[in-house]
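The sequence lines fix the lettering, A, B, ..., with proteins before strands; numbering per chain opens at 1. Just so it is clear, the values below take in all heavy atoms, side chains as well, and ignore hydrogens, waters and symmetry mates.
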2 protein chains.
Amino acid sequence: MAPVLEAGPVRVSNTGMNVPMRREPPPPPSPSREIEAALRTGATTGIIGYRLRRAQLSVFQKFLSVFDELKLRPADYSVLVLIADNPGRKQTEIAEVLGVKRANFVTLVHGLEERGLVERIPSHADKRANALHLTAAGEAFLAHARAVHETMEQELIARLGGEKARKTLLDLLDRLT
Amino acid sequence: MAPVLEAGPVRVSNTGMNVPMRREPPPPPSPSREIEAALRTGATTGIIGYRLRRAQLSVFQKFLSVFDELKLRPADYSVLVLIADNPGRKQTEIAEVLGVKRANFVTLVHGLEERGLVERIPSHADKRANALHLTAAGEAFLAHARAVHETMEQELIARLGGEKARKTLLDLLDRLT
DNA sequence: CGGGCAAAGTTATAGTGGATAACCAATTGG
DNA sequence: CCAATTGGTTATCCACTATAACTTTGCCCG
């Protein structure tokens, strides 16, 4: 996350629009002494990519702390969910929808396999491929993880201002993707 | 670049709400042959963090391609903008508002300094600190970069559906941060 | 049918970003 | 004046991603 990352791009030539109209430096706060004047961040905070990055980092951060005990990272979780909903698929298929290079996906699945959550069953239809399945333990574990996640998700929705706001957000994010 | 990454957290116990109600496997498409059935991704795509991540990667990707010729990465750009709007600040201050560890900020600024865009002037008020400024070349470079970025930003706003949608997005992102 | 090409999985490797620890010089507060 | 803190720096380490190369297997097509 922090993701990230790489900070975001920025806005236009002169001043960003969320920059408070910048006429002249507002008179310094009460004691014009050396009071740590705040920085002008308007030009960066007006950037869509920048804000997107910060929000994403923040949400992932939260995910990491919530799932710390379960030793689950976001990528792990998404893999488990995807396998659960699409049992028997091959590695390449799961990797692709997640946007993970199949070479890197190997390590990911191996980790889950070693923890006894996932099984890689050699497909006899195609001897090159591995069909991915959750083990019984994996199912149980995921059920718990899903519950934990749902709590977090509801918390996020509440912060957004409700279900409608969530839909709006997802729609806007889609337009950027 | 792959999106994924670390995918996001997910939804609740049974099925995500954007998952089409999952009753039973809908009859396979026309030719029930081996037609690469699409994966069920509802449970992942309903996750706020996941969508946030995908959108952020997408936007950054675009930034990278647009700024490829200028050899500017998002972090570089944000640093230049911040220094331009807050000349004379010390490294620690700029680093902090960007959420960059001061140790890692060193490399960042050094790169910009070597390119002749930024100057680190030893402060005589505090002999430990470096006051950051843009060079004349840095100002000129940034003016160009800002113009390039503004074009990209407008393109993003258009995709969102206008200025109002942009404000809505930024507001929602703020609530998550 | 047989040869060539593509796909699935894997390994190895490199690059990048962020985090931590340790250190020096300088400053600040008692 | 001394202790604690701050600013900058270096050196490392870890996580994530990308690329290349290789093996096995499947598929197409002349």
Side-chain angles (χ1 to χ4, degrees), chain A residues 1-8 33-34 36 53-54 56-58 60-61 63-65 67-68 71-79 88-96 98-113 118-132, chain B residues 1-8 33-34 36 53-54 56-57 60-61 63-64 71-76 78-79 88-113 118-132:
Chain A
M1 204 104 139
V4 172
L5 295 268
E6 330 194 75
R33 229 49 191 95
E34 299 224 23
E36 299 281 325
R53 174 76 171 144
R54 301 292 281 220
Q56 184 257 314
L57 283 178
S58 185
F60 267 49
Q61 195 88 350
F63 183 95
L64 288 175
S65 72
F67 281 86
D68 183 54
K71 298 274 187 284
L72 255 208
R73 321 189 126 263
D76 298 321
Y77 183 67
S78 63
V79 168
R89 292 294 189 148
K90 41 188 164 180
Q91 298 184 188
T92 303
E93 291 176 306
I94 303 291
E96 203 203 357
L98 287 177
V100 177
K101 299 283 173 195
R102 70 192 200 284
N104 297 326
F105 190 73
V106 172
T107 317
L108 236 164
V109 190
H110 273 54
L112 297 172
E113 192 181 27
V118 166
E119 264 181 335
R120 297 183 312 147
I121 304 176
S123 160
H124 58 284
D126 182 341
K127 292 180 197 163
R128 297 168 300 178
N130 294 330
L132 299 178
Chain B
M1 81 85 106
V4 172
L5 19 65
E6 329 189 88
R33 230 47 194 95
E34 299 224 24
E36 299 281 326
R53 175 77 173 144
R54 301 292 283 220
Q56 183 258 316
L57 283 177
F60 267 49
Q61 195 86 354
F63 183 95
L64 288 176
K71 296 275 186 286
L72 256 208
R73 321 187 120 264
D76 299 322
S78 62
V79 169
R89 293 294 190 149
K90 39 189 165 183
Q91 298 184 188
T92 303
E93 292 176 306
I94 303 290
E96 203 203 358
V97 301
L98 286 178
V100 176
K101 301 283 172 195
R102 70 191 199 285
N104 296 325
F105 192 72
V106 172
T107 317
L108 237 164
V109 190
H110 272 54
L112 297 172
E113 193 181 26
V118 166
E119 264 181 334
R120 296 182 313 149
I121 305 177
S123 161
H124 58 283
D126 184 339
K127 291 178 197 165
R128 296 168 301 178
N130 293 330
L132 300 178

Is there a side-chain contact between [X] and the phosphate of [N], meaning an N or O under 4.0 Å from OP1 or OP2?
| X | N | result |
| --- | --- | --- |
| R128(A) | dA6(C) | no |
| T92(B) | dG8(D) | yes |
| K90(B) | dG7(D) | yes |
| Q91(B) | dT9(D) | yes |
| R73(A) | dC16(D) | yes |

Between H124(A) and V106(B), the residue closer to the 5' end of DNA chain D by nearest nucleotide is V106(B)
Original post:
Using a cut-off of 4.0 Å on non-hydrogen atoms, how would the nucleic acid contact of N104(B) be classed: base, sugar-phosphate, or nothing?
Top reply: base
* Separation of R120(B) atom CZ from dT9(D) atom C1', in whole Å? ->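 Whole-Å distance recorded here is 9 Å.
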Quick one: E93(A) CD to dA7(C) C1', roughly how many Å, whole number?
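Result: 12 Å.
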If you check the R102(A) side chain, which of dA22(C), dA8(C), dA12(C) turns out closest?
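Taking heavy atoms from C-beta onward, the closest nucleotide is dA8(C).
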Starting the side chain at C-beta, find the nucleotide from dT27(C), dA21(D), dT19(D) nearest to D126(B).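 Nearest to the side-chain atoms of D126(B), counting from C-beta on, is dT27(C).
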Parallel, tilted or perpendicular: rings of F63(B) and F60(B) (30°, 60°):
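F60(B) vs F63(B) ring planes: tilted.
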